[in-house]
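These notes concern the structure reproduced below.
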Amino acid sequence: YPPKFDWRDHGIVGPVRNQESCGGCWAFSVVEAIETVSAKDGGKLQQLSVQQVIDCSYENEGCNGGSPVGALDWLAQTKLKLVNEAEYPFKDMAGICQYFPQSHTGVAVRNYSAYDFSGQEEVMMSVLVESGPLVVIVDAISWQDYLGGIIQHHCSSHNANHAVLITGYDTTGEVPYWIVRNSWGTSWGDNGYAYIKIGNDMCGIADNVAAVFL
Amino acid sequence: ENNEHYQRRIHFQNSLKRQAFLNSALKRSDQSARYGINQFSDLSPQQFKERYLTARTETAPKFDPSRTGIQVKMN
């Protein structure tokens with residue numbers, strides 16, 4: 001695998017979203033992963049509906065929280081097609097699940113994987129290159145004040161609470177780091193992105209890692 | 001003291017103190033993380049946690065390349 005890799009360089013990562021006051025990071029991270037893997041597999045890059053997942057993934061709690069792996073499991077089991085964002089736009093609150101017939105155009109999840117890669121972050125890089133962006137759950141307590149740069153301290157690995165998407169990594173500099181796409185708008189962090197040191201399970205980034213297969 | 005604006009100002013003051021602490025890490029370099037005022041600075045850590053840190057985790061099995069179908073290339 002290359003020393004430096006970012007799915008953004010392949011033109012298949014959409015713009016940073018803003019979850020506003022909705023605690024739906026679990027849905028944002030999953031939908032963003034599906035968008036990029038769909039484009040990687042030959043589809044066109046399109047924004048898919050986060051609201052559909054928030055409203056319809058009944059085992060999760062909409063804007064009050066949820067599990068990315070739970071959402072992936074539900075998507076893989078139901079084969080529900082995610083429709084375009086424009087057809088089912090984000091409303092910053094959970095609502096009634098809107099039904100679309102199976103004949104409707106959309107993207108369905110075939111399968112997913114979820115593993116603990118702690119102590120194996122080099123292997124995780126390889127999986128990212130092979131499979132696409134990775135959905136991870138991190139401890140983001142200190143991210144309240146983050147402005148940019150590589151997070152190397154003040155981030156525990158035992159209190160995962162926020163779902164984000166790893167789009168790439170860079171090991172060419174003094175401090176190797178993961179490139180992380182957040183869903184708190186472009187005014188947060190580095191145009192909506194954060195960078196996390198590779199190698200020490202910083203922020204618990206390797207503890208709960210999911211990949212999507214379409 | 002129940003005034004919302006007053007509470008937000010207190011949270012903001014506390015944020016400045018917290019940011020100073022976070023920026024004081026040893027061995028800082030140009031690449032080190034920077035902490036400062038952003039859109040969350042007038043929230044208390046508890047409010048921030050309740051609104052934005054809402055992901056649930058489920059214990060994932062340890063990755064074992066020999067047992068999974070995921071292709072892994074090592075250099």
Side-chain angles (χ1 to χ4, degrees), chain A residues 1 19 21 23-26 29 60-61 63-70 113-118 120 122-124 126-127 129-131 137 139-154 160-163 173-175 177 184-185 187-189 194-195 207-211, chain B residues 4 7-75:
Chain A
Y1 53 88
Q19 64 183 79
S21 61
C25 60
W26 59 276
S29 58
N60 287 302
E61 294 162 61
C63 285
N64 293 323
S67 154
V69 171
S113 69
Y115 290 105
D116 173 356
F117 281 90
S118 51
Q120 303 182 79
E122 290 205 0
V123 180
M124 202 169 133
S126 167
V127 174
V129 173
E130 291 291 328
S131 306
I137 310 177
D139 170 16
I141 290 274
S142 65
W143 294 21
Q144 180 175 0
D145 303 295
Y146 178 75
L147 298 180
I150 305 170
I151 298 171
Q152 304 169 55
H153 309 279
H154 308 302
N161 46 40
H162 181 50
E174 190 184 335
V175 181
Y177 59 88
W184 292 343
S187 61
W188 179 87
Y195 309 107
D207 288 344
N208 218 301
V209 182
Chain B
E4 189 189 333
Q7 291 298 330
R8 288 169 71 161
R9 288 174 187 214
I10 295 289
H11 295 327
F12 189 83
Q13 278 189 334
N14 290 338
S15 291
L16 297 180
K17 291 176 196 165
R18 193 175 59 239
Q19 290 152 15
F21 166 75
L22 292 170
N23 283 323
S24 66
L26 297 171
K27 288 188 176 178
R28 283 193 64 79
S29 71
D30 290 346
Q31 287 192 308
S32 294
R34 301 178 304 280
Y35 300 91
I37 296 164
N38 65 14
Q39 69 264 47
F40 302 130
S41 294
D42 58 1
L43 295 178
S44 71
Q46 188 60 30
Q47 288 170 328
F48 176 72
K49 190 176 175 186
E50 285 170 4
R51 285 185 207 177
Y52 296 103
L53 308 184
T54 57
R56 277 203 325 265
T57 58
E58 280 143 38
T59 308
K62 196 86 180 162
F63 181 75
D64 180 351
S66 64
R67 289 188 177 186
T68 64
I70 296 175
Q71 284 189 316
V72 176
K73 288 180 186 168
M74 298 294 287
N75 62 5

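Just so it is clear, the values below take in all heavy atoms, side chains as well, and ignore hydrogens, waters and symmetry mates. Keep in mind that this is a model prediction, so the values were computed, not measured. Residue numbers begin at 1 in each chain, while the letters A, B, ... track the order of the sequences.
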Using non-hydrogen atoms and a 4.5 Å limit, figure out which bit of [X] sits close to chain B: side chain, backbone, both or neither.
X         : value
Ile150(A) : both
Asp139(A) : neither
Ser118(A) : both
Gln144(A) : both
Gln19(A)  : side chain

Task: Thr59(B) side, atom OG1; Asp116(A) side, atom CG - distance, nearest 0.5 Å - done: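 So the gap between those two atoms works out to 9.0 Å.
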- [ ] First locate atom CZ of Arg34(B), then atom OH of Tyr146(A), and finally report the distance between them rounded to the nearest 0.5 Å.
- [x]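 Going from the CZ atom of Arg34(B) to the OH atom of Tyr146(A) covers 7.0 Å.
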TODO: Measure up the Phe21(B) and His154(A) rings against each other and bin them: parallel (under 30°), tilted (30 to 60°), perpendicular (over 60°).
DONE: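 Geometry flag for His154(A) against Phe21(B): tilted rings.
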What closest approach, in Å, do [X] and [Y] show between heavy atoms, and which atom pair accounts for it?
X         : Y         : answer
Gln39(B)  : Trp188(A) : NE2-CB, 3.5 Å
Val127(A) : Phe63(B)  : CG2-CZ, 4.4 Å
Ala55(B)  : Cys25(A)  : CB-SG, 3.9 Å
Ala140(A) : Leu53(B)  : CB-CD2, 3.7 Å

TODO: Ignoring hydrogens and angles, tell me if any N or O in the side chain of Asn38(B) forms a donor-acceptor pair with the backbone of Ser187(A) under 3.5 Å.
DONE: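 No.
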Open item on the list: What residues of residues 41-51 of chain B make heavy-atom contacts with chain A at a cutoff under 4.5 angstrom?
Closed with: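 Contacts with chain A: Leu43(B), Ser44(B), Pro45(B), Phe48(B), Lys49(B), Arg51(B).
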Open item on the list: For chain B, which candidate among Gly65(A), Ala160(A), Gly148(A) shows the most heavy-atom pairs at distances under 4.5 Å?
Closed with: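 Heavy-atom pair counts peak at Gly148(A).
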Open item on the list: Using a 4.5 angstrom heavy-atom cutoff, name the option from Gly185(A), Gly189(A), Ser67(A) with the most pairs to chain B.
Closed with: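 If we count pairs closer than 4.5 Å to chain B, Ser67(A) comes out on top.
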Open item on the list: Walk me through whether Thr54(B) and Asn64(A) qualify under side chain to side chain contact (heavy atoms under 4.5 Å, CB included).
Closed with: CA-CA 7 Å; Thr54(B) 57; Asn64(A) 293 323; over 6 Å; no
TODO: Would you confirm whether the ring centroid of Tyr52(B) sits within less than 6.0 angstrom of the ring centroid of Trp143(A)?
DONE: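 So the answer is no for these two rings.
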TODO: Please look at Gln31(B) and chain A and tell me whether the side chain, the backbone, both or neither of the residue comes under 4.5 angstrom of a heavy atom of that chain.
DONE: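 Both backbone and side chain.
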